[in-house]
Number of protein chains: 2
Amino acid sequence: MTCPEELDPVRLLTPRAREVLAAARVVLERDGWDTLTMRSLADELGIAAPSLYKHFASKDALRTQLIALALKEFGEGVRPVSGVAALVRAYRDVAAAHPQLYRLATSGSLDRDALPPGLEDWSGSPFLEATGDPHRAQALWAAAHGMVILELDGRFPTGSAPEATWDELVTHFG
Amino acid sequence: MTCPEELDPVRLLTPRAREVLAAARVVLERDGWDTLTMRSLADELGIAAPSLYKHFASKDALRTQLIALALKEFGEGVRPVSGVAALVRAYRDVAAAHPQLYRLATSGSLDRDALPPGLEDWSGSPFLEATGDPHRAQALWAAAHGMVILELDGRFPTGSAPEATWDELVTHFG
DNA sequence: GTCTATACTCCGATAGAC
DNA sequence: GTCTATCGGAGTATAGAC
């Protein structure tokens, strides 16, 4: 399922800015946000770093666009499923497929004013649909996020089986 | 309840190193890890930045000590409780009391070889005691962590009531 | 244990020509 | 839309004297 047109964060970007954004995704996923620099991004594009500022006003503006893009894509990746078990499975998979983008989109502060209005809510709405209750939805999302981020950060003790823990989580919320 | 002597990460530090560590906590909680620099830490102590290297070999070594200290203190803060509801409540409170230390200790990669052996397990053992099952414990911890970190990062939509979500979580695991 | 001096690297961002 | 040149700053860390 696709994101509504009016929520698509890319809709107002120039074609070249979209290319820059796509390259930023590549570098982000390869190096992580902290080591993505305007210089490394420019290298990826084969241009000089100062040229980037013709397309994005600052590195932070680029970050906001990446986050918006992530909200859109994660929302799309999780939407076609129904039921708590399938939702949780899809959430885990989409995060694992783009770990650095997931981390960027869900960690640290969020400048809501810079996002398309309604995008954040739309991105999380599958949890509401699957649970039928706002607080239940929020609790399930938080639990799934905790699992994902601890797994991405390698925080579960070595040798532990996350699969069984995921099953446990689904059981409690199923 | 206090941490076993042999797990206390501070036990091998010189008195002066402990003072440096204490100052690092202050600066960390005030500025966050990314903006804690060797210079700002030195300023807090009223000494010059290079002097710090007499006590800690690198900034990363300092980070490891802070994380170990956090594991000890969070373990102590959560241990005297029994039952899922009280555990979750204590976990939330101890994180909220030292948000930046919590973030440092639970986010990003962890160099386990640099920690006192057994400290990490000891820190998490209250979850095992409260649930009686390893996977249940892990799921509860992940859910609680997800709630805490999203709350600290201001990721719940404005106007939403985290209290009710916390209650929801306790209900499912209670 | 602290100091001064400093090396070295990297960063985001701007100015102005083409 | 891209370039070159550059600013201004920050960061970790080392060397060596006291």
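To find a chain, count down the sequence lines: A is the first, B the second, and so on, and within it residues start at 1.
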Atom pairs, N/O to N/O, protein against nucleotides 3-5 of chain C, distance under 3.5 Å?
{"residue": "dC3(C)", "atom": "OP2", "partner": "Ala48(B)", "partner atom": "N", "Å": "2.4"}
{"residue": "dC3(C)", "atom": "OP2", "partner": "Ser51(B)", "partner atom": "OG", "Å": "3.1"}

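The side chain to side chain donor-acceptor pair (under 3.5 Å) analysis of residues 63-72 of chain B, with sequence neighbours excluded, yields the pairs Lys72(B)-Glu76(B). Annotation: side chain to side chain donor-acceptor pair (under 3.5 Å) contacts involving residues 1-15 of chain B, sequence neighbours excluded, are absent. Within the structure, ring-ring contact (aromatic ring centres under 6.0 Å, His included) contacts touching residues 53-77 of chain B (residues at least two apart or in different chains) are Phe74(B)-Tyr102(B). Within the structure, side chain to side chain donor-acceptor pair (under 3.5 Å) contacts touching residues 114-123 of chain B (residues at least two apart or in different chains) are Arg112(B)-Glu120(B).
In this structure, Tyr53(B) places its OH atom 4 Å from C1' of dT12(D), rounding to the nearest Å. Rounding to whole angstrom units, CG of residue Leu52(B) and C1' of dT2(C) are separated by 11 Å. dG12(C) atom C1' lies 13 Å from atom CG of Leu41(A), rounded to whole Å.
Contacts of residues 57-64 of chain B with DNA chain D (heavy atom under 4.0 Å): Ser58(B), Lys59(B). Contacts between residues 11-37 of chain A and DNA chain D, counted as heavy-atom distances below 4.0 Å, involve Arg16(A).
Here the nucleotide nearest the side chain of Arg39(B), chosen from dG11(D), dT6(D), dT2(C), is dG11(D).
Partners of Ala97(B) according to the side-chain contact (heavy atoms from CB on, under 4.5 Å) rule, which considers only residues two or more places apart in sequence or in another chain, do not exist here. For Thr35(A), the side-chain contact (heavy atoms from CB on, under 4.5 Å) partners are Asp31(A), not counting sequence neighbours. By the side-chain contact (heavy atoms from CB on, under 4.5 Å) test, Ala68(B) is found to be paired with Pro9(B), Leu115(B), Pro116(B), Leu119(B), residues two or more places apart in sequence or in another chain being considered. Residues passing the side-chain contact (heavy atoms from CB on, under 4.5 Å) test with Ala49(A), sequence neighbours excluded: Arg39(A), Ala42(A).
In terms of modelled atom types and a separation under 3.5 Å, the side chain of Arg25(B) and the main chain of Leu66(B) share no donor-acceptor contact.
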Distance-only donor-acceptor pairs under 3.5 Å for side chains of residues 161-174 of chain A, two or more places apart:
{"residue": "Glu163(A)", "atom": "OE1", "partner": "Arg92(A)", "partner atom": "NH1", "Å": "3.2"}
{"residue": "Glu163(A)", "atom": "OE2", "partner": "Arg92(A)", "partner atom": "NH1", "Å": "3.4"}
{"residue": "Glu163(A)", "atom": "OE2", "partner": "Arg92(A)", "partner atom": "NH2", "Å": "3.3"}
{"residue": "Thr165(A)", "atom": "OG1", "partner": "Gln138(B)", "partner atom": "OE1", "Å": "2.7"}
{"residue": "Trp166(A)", "atom": "NE1", "partner": "Glu151(A)", "partner atom": "OE1", "Å": "3.2"}
{"residue": "Glu168(A)", "atom": "OE2", "partner": "His172(A)", "partner atom": "NE2", "Å": "3.1"}
{"residue": "Thr171(A)", "atom": "OG1", "partner": "Asp167(A)", "partner atom": "O", "Å": "2.8"}
{"residue": "His172(A)", "atom": "ND1", "partner": "His172(B)", "partner atom": "O", "Å": "3.0"}
{"residue": "His172(A)", "atom": "NE2", "partner": "Arg136(B)", "partner atom": "NH1", "Å": "3.2"}

